[in-house]
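Whatever order the structure lists them in is the order used to number ligands and atoms, beginning at 1.
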Amino acid sequence: MNDDPPASFKRPERVYRTMPLDSFNRNIDYLRISLIDNCNLRCVYCMPLNGLQFLPKAELLTAAEIEDVARAAVSVGFRKFRLTGGEPTLRADLVEIVERLRKVDGVDDLGLTTNGLLLARLSTPLRVAGLKRINVHLDSLDPATVERQMRWGNFTQVWEGILAAEAAGFAPIKLNAVVTAGYNEAEVVDLARLTLERDWHVRFIELMPLGGGECATLSIKRYVSNIATRRRIETVLGPLTELPVTNASDEARNYRLAGARGVVGFISPVSEPYCGTCNRMRLTADGKFHLCLLNDDEMDVRKALRERSGAERISAVASILLRAVQHKPTGHHLLEGRSTRDRSMYQIGG
Ligand code: SAM
């Protein structure tokens with residue numbers, strides 16, 4: 001008689017490799033890596049014009065350190081990675097970082113979130129380096145609104161960047177617009193209209209107050225619910241039909257206008273929170289695992305990276321990451337106007 005347990009009872013060799021579950025049974029397998037806290041824009045809801053202090057270069061994780069964090073992450077089951085900031089294209093070694101991460105066995109998906117200003121030059125090198133996806137942040141198609149809301153933004157430059165990304169083969173192009181009362185809330189219709197002709201995903205994001213200060217105050221005052229944004233779009237462009245959910249952890253709820261090639265998405269952390277399906281962990285540019293975008297809890301990883309080397313360094317980072325996953329909180333207090341105190345979006349990586 002064969003006493004072996006049935007295959008379904010057998011423990012996989014490395015339990016964590018396929019399933020880093022947190023204490024709420026969420027499968028956390030997506031790491032967003034912030035490369036830098038500086039940005040070449042000063043969006044009204046994100047960065048004040050004065051009083052900013054950026055991390056000195058020595059405090060930023062190096063390309064080699066980021067690669068080792070990714071190696072540690074795949075060893076415990078992470079599969080999806082995204083580079084963000086601040087503005088990640090301000091890192092002179094961005095292409096090298098992409099090359100390094102693409103070579104890590106287990107990095108199945110690698111994306112970039114950018115404001116697009118430097119994409120005209122960088123799209124092809126990034127594609128050649130192995131980047132898979134690009135999300136571009138663009139709040140309006142009106143150059144005057146871009147200048148007012150994204151301060152220092154230049155619509156033509158971003159638009160050329162988006163077209164360069166498309167020409168380099170990135171698909172689908174995803175555009176992210178943060179809807180802000182008194183700035184772009186009426187322009188959501190023009191943005192959504194883009195999907196009629198183009199196979200792009202245009203996603204509308206609700207404002208969140210992060211980090212206290214003037215940007216957090218503005219984010220509360222100028223908040224527009226995606227319920228209102230959807231209504232505004234449908235009033236002009238007709239009904240949006242909801243698309244089937246293909247990825248349970250997608251933060252966007254996706255829709256299509258009749259006859260459209262592209263997709264209209266709504267990311268609604270305030271009016272329709274999605275903490276229950278969150279699969280994300282964040283790494284800040286100065287080497288902390290930031291456990292939840294809307295909370296301050298962090299675990300330092302830079303010390304472990306800088307005090308160790310080789311396999312020992314990777315296993316030390318992996319064990320910090322597993323503890324970070326276990327301690328990942330759920331829920332937020334956005335409706336009471338509270339979230340992080342210590343860090344703003346540009347310091348965490350949106
Ligand atoms: N620089 C890149 C960019 O512009 O996309 C990456 C970093 S940026 C912090 C990531 C995203 O966060 C952008 O889409 C930005 O609009 C969004 N964001 C910044 N502050 C926000 C806030 N208070 N509420 C909602 N989204 C915000």
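Within ligand 1, the atoms closer than 4.0 Å to a non-hydrogen atom of Asn115 are 2 (C), 3 (C), 4 (O), numbered from 1 in the order shown. Counting atoms of ligand 1 from 1 in the listed order, those under 4.0 Å from a heavy atom of Val178 are 16 (O), 26 (N). Against a heavy-atom cut-off of under 4.0 Å, Ser219 is close to the following atoms of ligand 1: 23 (N). For ligand 1, the atoms closer than 4.0 angstrom to any heavy atom of Thr113 are 2 (C), 5 (O), 6 (C).
In this structure, atom 23 (N) of ligand 1 lies nearest to the protein heavy atom Met208 O, 2.7 Å. With hydrogens left out, the protein atom closest to atom 21 (C) of ligand 1 is Tyr45 CD1, 3.6 Å, a heavy atom. Scanning the protein heavy atoms around atom 10 (C) of ligand 1, the nearest turns out to be Gly350 CA, 3.9 Å. The closest protein non-hydrogen atom to atom 18 (N) of ligand 1 is Met345 CE, 3.6 Å. Protein heavy atom at the shortest distance from atom 25 (C) of ligand 1 is Glu206 O, 3.5 Å.
For Leu207, the heavy-atom gap to ligand 1 drops under 4.0 angstrom. Using a 4.0 Å heavy-atom cutoff, Gly86 is listed among the residues neighbouring ligand 1. For the ligand labelled ligand 1, residue Gly85 lies inside the 4.0 Å heavy-atom shell.
Grouping the Ile, Leu, Val, Met, Phe, Trp and Tyr side chains by contacts below 4.5 angstrom, directly or via other members, places Leu101 apart from Tyr30.
A donor atom on one side chain and an acceptor atom on the other are not found under 3.5 Å apart for Asn135 and His137.
Ring geometry, Phe54 versus Tyr346: the interplanar angle exceeds 60°, so the pair is classed perpendicular (tilted spans 30 to 60°).
Asp139 is listed as a side-chain neighbour of Tyr45, based on a closest heavy-atom distance under 4.5 Å. Counting heavy atoms from C-beta outward, Leu291 and His327 have side chains that approach closer than 4.5 Å.
Of the polar atoms of Cys46, none of the N or O atoms is found under 3.5 Å from an N or O of ligand 1, judged by distance alone.
Of the listed options His137, Arg203, Glu87, Glu87 places a heavy atom closest to atom 2 (C) of ligand 1.
Distance screen at 4.0 Å: atom 16 (O) of ligand 1 has a protein heavy-atom neighbour inside the cut-off.
Residue Arg341 places its CZ atom among 12 or fewer non-hydrogen atoms of other residues, nucleotides or ligands, all under 6.0 Å distant. Heavy atoms from other residues, nucleotides or ligands lying under 6.0 Å from CD of Glu242 number more than 12.
Contacts with ligand 1 closer than 4.0 Å are made by side-chain heavy atoms of Thr84 only, the backbone lying farther away. At a 4.0 Å heavy-atom cut-off, ligand 1 touches Thr114 through the backbone alone.
Listed here is the closest heavy atom pair of Arg26 and Thr330: NH1-OG1, 3.3 Å.
Annotation: Tyr255 is in aromatic contact with Phe266 [ring centroid separation under 6.0 Å].
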Worked check of side chain to side chain contact (heavy atoms under 4.5 Å, CB included) between Asp109 and Arg79: CA-CA 7 Å; Asp109 197 353; Arg79 290 288 170 268; over 6 Å; no
Full working for side-chain hydrogen bond (donor to acceptor under 3.5 Å, both in side chains) between Thr229 and Glu185: CA-CA 7 Å; Thr229 295; Glu185 85 267 46; over 6 Å; no
